[in-house]
Amino acid sequence: MKRSAFARTLRARLVARASPTVRAGAERYFKHQVRFLGVTTPGMREVTRELWPALRGLGPDRARTEALALLHAGTMEERQAGVEFLWRLRRDLPGGWLQNFAPLFDATVSDWALCDAIASRVLRPALQADPGTAVLLRSWSRCRNPWRQRVAAVAFVNEARHGEHTT
C-alpha cells in the first residue's frame, strides 16, 4: 500500500523521536507480536498535535480517510496516531460511520493495545454523543471476532461504573 504524503510526514516525525531503548522494551512487553518504532505515547501524541492543523486543513472527508488509513500502518505508533486523529475528528464523523467501521476494525485490529485505544478514544466518545451507538456495540459483543467483543466491552467500562448501560 502506497503511503500518502501526510502518512510519510507522520512517519518521519515519529522516526525522529524513536528510541532503541523504548522500542526494545515495547517489543519485549508485546513479545514481538507488534512492531514498534520506539516512540513513547506522550511523544506520539505530541507529533499528532503538531500535525493536526495539516490534517484538519485537508477537509473532514480526506482527514478521516487519512486517519483510517493509518490503522493499516505497520507500526503501533502510526496506528495509535490514527486513533488519536480519529479522536480529534470525532465531531466530524458522519452519522452511521460506525456501521462502515466494522470491516476496517476486523482487518486492522489484532492486539489489545490498539483495540483498547479505539474503545476509549473513538467508541466511547461516539457512545456519549449518540446513545443509539449502544445498540450497535452490544451487537459487537456477540460477534465471532474476539477483538470486536473486547472493544464492545471496553467501550462501556466507564459508563457501567456509573450504572449506565449495565444490561
Side-chain angles (χ1 to χ4, degrees), residues 1-94 96-129 137 140 145-152 154-155:
M1 181 166 79
K2 186 178 179 197
R3 292 177 190 261
S4 69
F6 180 81
R8 288 191 306 272
T9 300
L10 171 70
R11 183 173 178 85
R13 298 258 182 108
L14 290 170
V15 166
R17 290 177 172 268
S19 159
T21 304
V22 172
R23 178 181 180 177
E27 288 180 345
R28 211 173 25 256
Y29 183 76
F30 278 89
K31 302 191 185 340
H32 299 281
Q33 295 174 348
V34 181
R35 288 184 44 227
F36 289 87
L37 293 170
V39 181
T40 64
T41 298
M44 178 275 303
R45 286 189 174 152
E46 188 172 326
V47 170
T48 61
R49 277 191 301 276
E50 292 168 0
L51 292 177
W52 172 241
L55 184 67
R56 186 84 171 147
L58 298 174
D61 292 338
R62 176 78 189 281
R64 184 173 53 255
T65 299
E66 291 283 346
L68 290 171
L70 288 169
L71 297 180
H72 291 283
T75 67
M76 179 59 79
E77 293 91 343
E78 292 168 292
R79 295 165 73 198
Q80 291 281 0
V83 172
E84 286 300 308
F85 287 129
L86 287 173
W87 176 77
R88 288 178 175 273
L89 289 163
R90 66 192 177 278
R91 290 180 187 89
D92 296 329
L93 295 171
W97 72 273
L98 195 53
Q99 290 281 21
N100 299 324
F101 184 65
L104 175 65
F105 182 90
D106 291 347
T108 58
V109 177
S110 60
D111 62 83
W112 65 264
L114 185 61
C115 180
D116 291 5
I118 289 171
S120 64
R121 301 294 276 173
V122 178
L123 299 180
R124 189 171 297 136
L127 183 62
Q128 292 168 339
L137 289 179
W140 284 20
N145 181 328
W147 297 111
R148 259 209 264 173
Q149 291 177 13
R150 180 182 176 98
V151 81
V154 174

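Heavy atoms only: backbone and side chains are in, while hydrogens, waters and symmetry mates are out. These numbers were taken from a predicted model, which means no experiment stands behind them.
Scanning for side chain to side chain donor-acceptor pair (under 3.5 Å) contacts around R8 gives an empty result, with sequence neighbours left out. Applying the ring-ring contact (aromatic ring centres under 6.0 Å, His included) criterion to W147, with sequence neighbours excluded, gives no partner residue. Legend: residues meeting side chain to side chain donor-acceptor pair (under 3.5 Å) with S120, ordered by chain and number and at least two apart, are absent. For T108, the side chain to side chain contact (heavy atoms under 4.5 Å, CB included) test picks out L71, H72, L104, with sequence neighbours left out. Applying the ring-ring contact (aromatic ring centres under 6.0 Å, His included) criterion to W52, with sequence neighbours excluded, gives no partner residue.
Contact record, G82 with L70: CA-CB, 3.7 Å, taken as the closest heavy-atom pair. Considering all non-hydrogen atoms of both residues, A117 and V83 come closest at O-CG1, 3.6 Å. When all heavy atoms of V154 and A119 are compared, the closest pair comes out as CG1-CB, 3.5 Å. The two residues N100 and P103 have their closest heavy-atom pair at O-CD, 3.4 Å. Between E66 and A7, the closest heavy-atom pair is OE1-N, 4.2 Å. Closest approach of A155 to R124, counting heavy atoms only: O-NE, 3.5 Å.
The existence of a salt bridge linking R17 and E46 is confirmed by a sub-4.0 Å separation between a basic side-chain nitrogen and an acidic carboxylate oxygen.
Atom CG of L10 and atom CD of E77 lie 10.0 Å apart (nearest 0.5 Å).
Under the 30°/60° scheme for interplanar angles, the aromatic rings of F36 and F30 are found to be tilted.
Looking only at distances, no side-chain donor or acceptor of E27 sits under 3.5 Å from a matching main-chain atom of R35. Panel note: side chain R3, backbone A73; no donor-acceptor pair is recorded below 3.5 Å.
At a threshold of 4.5 Å between non-hydrogen side-chain atoms, the residues W140 and N145 do not count as touching. Counting only heavy atoms from C-beta outward, the side chains of M44 and L37 never approach each other to under 4.5 Å. Side-chain contact between Q80 and T41: absent, with no pair of heavy atoms (C-beta onward) separated by less than 4.5 Å. F6 is not listed as a side-chain neighbour of T9, based on a closest heavy-atom distance of 4.5 Å or more. Residues L123 and F105 are not in side-chain contact: their nearest non-hydrogen atoms beyond the backbone lie 4.5 Å or more apart.
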- [ ] Please lay out, stage by stage, how R79 and D111 fare under the test side-chain contact (heavy atoms from CB on, under 4.5 Å).
- [x] CA-CA 11 Å; R79 295 165 73 198; D111 62 83; 3.5 Å; yes
Task: W97/V122 under side-chain contact (heavy atoms from CB on, under 4.5 Å): CA gap, chis, key distance, verdict - done: CA-CA 11 Å; W97 72 273; V122 178; 3.4 Å; yes
Task: R148 vs V109, side-chain contact (heavy atoms from CB on, under 4.5 Å): CA-CA, chis, key distance, verdict - done: CA-CA 9 Å; R148 259 209 264 173; V109 177; over 6 Å; no
Can you give each donor-acceptor pair under 3.5 Å made by side-chain atoms of residues 85-94, sequence neighbours left out, with the distance rounded to 0.1 Å?
| unit_1 | atom_1 | unit_2 | atom_2 | d |
| --- | --- | --- | --- | --- |
| R90 | NH1 | W87 | O | 2.6 |
| D92 | OD2 | R56 | NH1 | 2.1 |
| D92 | OD2 | R56 | NH2 | 3.4 |

